[in-house]
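Counting begins at 1 with the first residue of the sequence. Every number for a ligand or one of its atoms is a count from 1 in the order of the listing.
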Amino acid sequence: MINAAEIIHARSSILFVTLDSLRYDVAETALTAGRTPRLAGMLPGGQWERRWTPGTFTLPAHKAFFHGFLPKLPQPQQPPRLWECRPPAFKTVRPETFVFDAPNLLAGLGQHGYRTVCIGGVTYFSRETPMGAVLPQMFDEDHWRPEFCSPEIDSTRHQVDQALEVADRHADRPLYLFVNVSATHVPHGHYVGDSTDSAASQAAALAYADEHLGRLVDGLTADRRWLIIMCADHGDAYGDDGFHGRGIAHPSVLNVPFGAWVQG
Ligand SMILES: [Zn+2]
């Protein structure tokens with residue numbers, strides 16, 4: 001069990017990666033088929049957990065994540081939360097849960113000396129429009145360039161290069177380093193030479209990103225301990241029961257892969 005309160009009071013850094021739009025079934029099938037060897041080597045037990053997302057598209061899911069909520073197990077009993085906003089007095093919180101006395105997790109970590117950094121991917125993190133600034137402006141520092149976004153076939157390489165540069169520059173203080181991997185978000189048909197997007201092309205996008213995710217974790221954990229969380233923000237429908245896209249309460253969107261572990 002992860003004791004986030006201990007990790008944060010020890011000022012260990014935190015890496016939070018969202019694999020945008022990655023379906024649980026796509027992630028699980030790719031892992032079982034040996035197409036994501038770096039993830040298989042890092043995830044606890046070599047497996048993704050199936051969880052339910054708190055939001056069906058990028059904005060509500062990340063709003064929830066940055067306010068301390070994470071995807072939940074699809075069962076009545078839940079493990080202790082890693083962190084939560086200070087609740088009203090009548091509610092008790094488990095000792096391994098980090099409680100922040102702030103309106104959101106990022107501000108709460110800031111009170112404990114963390115620098116919060118956003119490596120954007122999809123356009124909700126691009127600041128190209130007023131709404132595209134809502135999420136990145138929650139951070140102390142945010143980065144986005146067109147080559148971080150899903151139309152670029154080598155987007156994860158560019159994102160990971162930026163993330164490692166940030167970690168190197170702030171080696172003297174704890175980080176909350178967030179990376180929104182865009183490769184698994186449409187369009188990804190180009191990974192299989194197709195003009196349409198499908199579960200098969202999303203799997204190919206994930207197989208591409210796998211090497212760079214391994215490179216990111218290797219680089220970060222070489223000389224310090226990190227709490228690492230990787231999950232999808234939501235899934236995506238590719239004609240399932242006739243549905244396409246996200247923002248809908250369909251199982252292809254609600255079920256997400258999740259993994260959390262301490263490394264280094
Ligand atoms: Zn998303």
Side-chain angles (χ1 to χ4, degrees), residues 15-28 30 39 48-72 104-106 118-139 142-152 155-156 158-160 163 177-191 197-199 201-206 208-209 212-213 229-240 243-259:
L15 171 67
F16 180 43
V17 174
T18 54
L19 293 144
D20 209 292
S21 310
L22 179 61
R23 292 169 57 132
Y24 171 77
D25 57 353
V26 168
E28 197 274 331
L39 285 166
W48 288 110
E49 273 184 11
R50 181 169 72 90
R51 293 208 174 194
W52 284 336
T53 182
T56 59
F57 66 104
T58 306
L59 182 66
H62 286 85
K63 273 279 190 182
F65 298 156
F66 298 151
H67 285 76
F69 303 92
L70 285 167
K72 291 201 168 187
N104 65 67
L105 174 65
L106 307 182
C118 171
I119 312 295
V122 305
T123 53
Y124 277 104
F125 299 96
S126 72
R127 289 187 181 262
E128 292 173 297
T129 63
M131 194 171 70
V134 167
L135 295 170
Q137 72 191 7
M138 295 178 71
F139 289 78
D142 64 282
H143 299 264
W144 186 88
R145 297 197 299 273
E147 61 263 36
F148 292 178
C149 204
S150 49
E152 160 62 47
S155 57
T156 316
H158 297 298
Q159 293 182 289
V160 166
L177 178 58
F178 165 71
V179 184
N180 172 247
V181 170
S182 70
T184 45
H185 184 282
V186 294
H188 41 63
H190 45 255
Y191 289 102
D197 303 303
S198 63
S201 63
Q202 189 178 58
L206 179 61
Y208 151 73
H212 296 293
L213 293 171
I229 303 163
M230 293 193 189
C231 65
D233 54 345
H234 52 81
D236 216 352
Y238 302 114
D240 306 72
F243 290 99
H244 288 272
R246 54 221 76 94
I248 48 174
H250 187 273
S252 61
V253 175
L254 294 175
N255 286 298
V256 293
F258 180 92

**Request:** May I ask you to test the P187-D197 pair for a side-chain heavy-atom distance under 4.5 Å?
**Result:** yes
**Request:** Verify side chain to side chain donor-acceptor pair (under 3.5 Å) between S201 and H188, making sure each step is shown before the conclusion.
**Result:** CA-CA 6 Å; S201 63; H188 41 63; 2.8 Å; yes
**Message:** Does any part of the side chain of D142, heavy atoms only, come nearer than 4.5 Å to the side chain of R127, both counted from C-beta?
**Reply:** yes
**Fill in**
Near the Zn ion (ligand 1), meaning under 2.8 Å, the protein N/O/S atoms are D20 OD1, D20 OD2, T58 OG1, D233 OD2, H234 NE2
**Request:** Apply side chain to side chain contact (heavy atoms under 4.5 Å, CB included) to the pair S252 and F243, showing each step before the final yes or no.
**Result:** CA-CA 9 Å; S252 61; F243 290 99; 5.9 Å; no
**Prompt:** Under 6.0 Å between ring centres, would you say that holds for F178 and F66?
**Reply:** yes
**T18: side-chain hydrogen bond (donor to acceptor under 3.5 Å, both in side chains) partners, not counting sequence neighbours** = H62, N180
